[in-house]
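Structure first, commentary second.
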Amino acid sequence: MKLSKKCRYALRALIDLSVCSADDHVVLSTIAERNGISPQYLEQAFASLRRAGIVKGIKGSQGGYKLNKDPRKITIAAVLEALDGTYRIEGEEIPEDSHGRSIAASIQELVIDQVNLQLDQVLQHTTLADLKKGYLDHLENGQDMYYI
């Protein structure tokens, strides 16, 4: 599994949105500028997130984006699925012959199914609130500060 750039940027933008949007809508260009992401690229990602019901967009001069759900109810799995479809590793085709079938079944059961199970555990149980907390902890503890 590879986490696409679109997913990484969207997660960064969603963390930003959850921190900065308390009750107001945030303009996407502001999020893009704060995070060094192309506004056009982010607009495409947010269109998918809007269709999935993760964010809500308001048009007009007072418009922008805001989370459509509590961050504790937005799983990372839901975000990845909204942007890229399934994040799970696909199984391979099972050959016709019994020898090949047994080998393919072993790979499926012992590797692919186990990796998918672990992915589900992490991605379905990690929420945007968890990412927000991690970000705020880094800020509070000065983990992003460098000294020369």
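Values reported hereafter were calculated over all heavy atoms of this structure, with side chains retained and with hydrogens, waters and symmetry mates removed. Each residue takes its place number in the sequence, starting with 1.
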Cluster check Ile89, Tyr87: I/L/V/M/F/W/Y, side chain < 4.5 angstrom
yes

Do Asp120 and Arg88 have side chains that get closer than 4.5 Å, going by heavy atoms?
yes

To the nearest 0.5 Å, atom CD of Glu43 lies from atom OG of Ser29 at 10.0 Å

To the nearest 0.5 Å, how far apart are CZ in Arg12 and CG in Leu42?
9.5 Å

Can you name the residues that form a side chain to side chain donor-acceptor pair (under 3.5 Å) with Asp16, not counting sequence neighbours?
Arg34, Asn35

Distance (rounded to the nearest 0.5 Å) between Lys66 NZ and Ile58 CD1:
8.5 Å

Check whether any side-chain heavy atom of Lys6 lies under 4.5 Å from a side-chain heavy atom of Asp84, and answer yes or no.
yes

Could you give the distance from CD (Gln124) to CG (Leu119), rounded to the nearest 0.5 Å?
10.0 Å

Do Leu128 and Leu17 touch side chain to side chain, with heavy atoms closer than 4.5 Å?
no

Where is the tightest heavy-atom contact between Arg72 and Ala129, given as atom of each residue plus distance?
CG-CB, 3.6 Å

Less than 4.5 Å apart, any side-chain heavy atom of Leu136 and any of Lys132?
yes

Write down the atom of Ala82, the atom of Ile54, and the distance for their closest heavy-atom approach.
CB-CD1, 4.1 Å

Any ring-ring contact (aromatic ring centres under 6.0 Å, His included) involving residues 33-58? Give me the pairs, sequence neighbours left out, ordered by first then second residue.
Tyr9-Tyr41, Phe46-Tyr65

Do Val55 and Leu67 have side-chain heavy atoms sitting under 4.5 Å apart?
yes

Working to the nearest 0.5 Å, report the span between CD1 of Ile76 and CD of Glu81.
11.5 Å

Taking the side chain as C-beta and beyond, is there a heavy-atom pair between Thr75 and Thr126 under 4.5 Å?
no

With heavy-atom distances below 4.5 Å as the criterion, would you say the side chains of Thr86 and Leu80 are in contact?
no

For Ala45 and Ala10, which heavy atoms make the closest approach, and how far apart are they?
CB-CB, 4.3 Å

With hydrophobic residues grouped by side-chain heavy-atom distances under 4.5 Å, do Leu117 and Val115 end up in a single group?
no

Quickly, which of Thr127, Leu131, Val79 forms a side-chain contact (heavy atoms from CB on, under 4.5 Å) with Ile74? Name it, please.
Val79

Provide the closest heavy-atom pair for Ser38 versus Ala32 in the form atom of the first, atom of the second, distance.
C-CB, 4.3 Å

Do the non-hydrogen side-chain atoms of Gln118 and Val122 ever get within less than 4.5 Å of each other?
no

What distance do Lys133 atom NZ and Asp137 atom CG have between them, rounded to the nearest 0.5 Å?
3.5 Å

Leu3 with Tyr135, same ILVMFWY side-chain cluster at under 4.5 Å
yes

